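We use all heavy atoms of the structure for the numbers below, so side chains are in, but hydrogens, waters and symmetry mates are not. Ligands are counted one by one from 1 in listed order, and the atoms in each one are counted from 1 as well. Just so we're clear, the structure is a prediction, and the values are computed from it rather than from any experiment. Here, residue 1 is the first one in the sequence, and each next residue gets the next number.
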Amino acid sequence: MSADVEKKIRHVGFIMDGNGRWAKKLGRPRTFGHSKGADRIPEVIETCYDLGVEVVSLYAFSTENWSRPKSEVDEIFKLLKNFLKKYSKTLIDKQIRLIISGDISPISEDLKKECIKLIERTKDYKQHVLNIALNYGSRAEIVRAVNKIKAKDGEITESDISANLYTAEIPDIDLVVRTSGEMRLSNFFLWQCAYAEFYFTDVLWPDFGKKQTEQAIEWFYGRKRRFGGI
Ligand code: IPE
Ligand code: IPE
Ligand code: MG
């Protein structure tokens with residue numbers, strides 16, 4: 001593998017964590033943190049694209065997040081719907097393809113409609129991709145992939161699995177950024193992160209912006225990726 005290929009950062013995944021703690025520090029409700037967190041998204045993803053990243057994945061809602069109070073879950077979905085509505089013009093102007101990873105069947109009709117409309121409207125854009133993990137869990141995704149291919153004759157290969165994940169059309173993740181000091185994956189793209197670099201920062205998501213994104217990507221370029229070699 002040439003040095004160029006080894007170093008190129010194509011796909012960055014963000015585990016946007018710490019909204020609740022950020023709000024708590026200010027004595028505000030957790031939902032205030034989610035709202036401020038959603039406001040940071042355009043700046044972060046556009047910084048990535050400006051630095052040559054092709055795909056940005058955002059962990060918006062995990063399959064485990066249903067265990068939160070209903071009022072908080074409803075608010076997260078409402079913010080996501082507002083974000084997509086507001087950001088749809090930019091997706092089109094900047095030719096960003098939207099992909100949703102996860103099972104959107106249980107979400108509200110209007111959010112589902114907004115997602116489907118934008119996925120369809122942006123599907124031919126090639127240069128940039130925004131992949132939102134929504135009601136997403138990596139184990140559920142892998143099980144779903146295996147179920148989709150189990151009727152196949154012969155052995156199931158790695159390519160079969162990759163081709164049946166939500167991310168079939170995008171490259172594996174090169175860099176995972178998790179905010180808020182937690183050092184875990186929380187069921188985020190386990191398969192696609194097989195050779196990812198991991199960047200953990202204590203910064204809480206609502207405080208994470210352009211400067212912090214640049215720092216994370218700069219850190220990535222300082223890593224030596226060996227892919228099993230020496
Ligand atoms: C991340 O922030 C946002 C979602 C999980 C949707 P949290 O809500 O997990 O914030 P903390 O971790 O409780 O601070
Ligand atoms: C991961 O954050 C999920 C999202 C960012 C959407 P959580 O806050 O839900 O993860 P845990 O509970 O700390 O592992
Ligand atoms: Mg959290």
Output the distance between atom CD1 (Ile173) and atom CG (Asn131), rounded to the nearest 0.5 Å.
7.5 Å
Just verifying a value: how many Å separate Ile41 CD1 and Leu79 CG, rounded to the nearest 0.5 Å?
9.0 Å
Backbone or side chain, does any N or O of Ser62 fall under 3.5 Å from an N or O of ligand 2?
no
Close N or O approach (Glu182, ligand 2; < 3.5 Å):
no
Would you say Asp17 has an N, O or S atom lying under 2.8 Å from the Mg ion (ligand 3)?
yes
How far is [atom] from the closest protein heavy atom, and which atom is that?
| atom | value |
| --- | --- |
| atom 2 (O) of ligand 2 | Arg178 NH2, 3.6 Å |
| atom 10 (O) of ligand 1 | Gly20 N, 2.9 Å |
| atom 9 (O) of ligand 2 | Asn65 ND2, 2.9 Å |
| atom 14 (O) of ligand 2 | Ser186 OG, 2.6 Å |

Short list, please: which atoms of ligand 2 are under 4.0 Å from a heavy atom of [X]?
| X | answer |
| --- | --- |
| Arg184 | 11 (P), 13 (O), 14 (O) |
| Phe61 | 6 (C) |
| Ala60 | 6 (C) |

Can you establish whether the number of heavy atoms outside [X] located under 6.0 Å from its atom [atom1] is more than 12?
| X | atom1 | answer |
| --- | --- | --- |
| Glu182 | CD | yes |
| Lys112 | NZ | yes |
| Lys148 | NZ | yes |

With ring-ring contact (aromatic ring centres under 6.0 Å, His included) as the test, pick out the partner of Phe61 among Tyr136, Trp66, Phe188.
Trp66
Can you tell me if Arg68 contacts ligand 2 (heavy atom of the residue under 4.0 Å from the ligand)?
yes
State if Met16 counts as touching ligand 2 under the rule of any non-hydrogen atom under 4.0 Å.
yes
Is it true that Asn65 and Ser62 share a donor-acceptor pair across their side chains at a distance under 3.5 Å?
yes
Kindly confirm or rule out an N or O of Asn19 lying under 3.5 angstrom from an N or O of ligand 1.
yes
To which of His34, Arg21, Arg30 does the heavy atom nearest atom 13 (O) of ligand 1 belong?
Arg30
I want to confirm something. Looking only at heavy atoms, which of Trp205, Phe14, Tyr59 is nearest to atom 6 (C) of ligand 2?
Tyr59
Tell me whether Phe189 shares a hydrophobic cluster with Phe200, the cluster being built from Ile, Leu, Val, Met, Phe, Trp, Tyr side chains joined at under 4.5 Å.
yes
If I compare all heavy atoms of Glu43 with all of Lys210, which pair ends up nearest, and what's the gap?
OE2-N, 2.5 Å
Just jot down the ligand 1 atoms closer than 4.0 angstrom to any heavy atom of Ile76, in number order.
6 (C)
So among Lys8, Arg10, Arg225, which one has a salt bridge (charged side-chain N to carboxylate O under 4.0 Å, His left out) with Asp174?
Arg225
So, for Phe220 and Tyr199, is the gap between ring centers shorter than 6.0 Å?
no
Contact check, Gly18 vs ligand 1, heavy-atom distance below 4.0 Å
yes
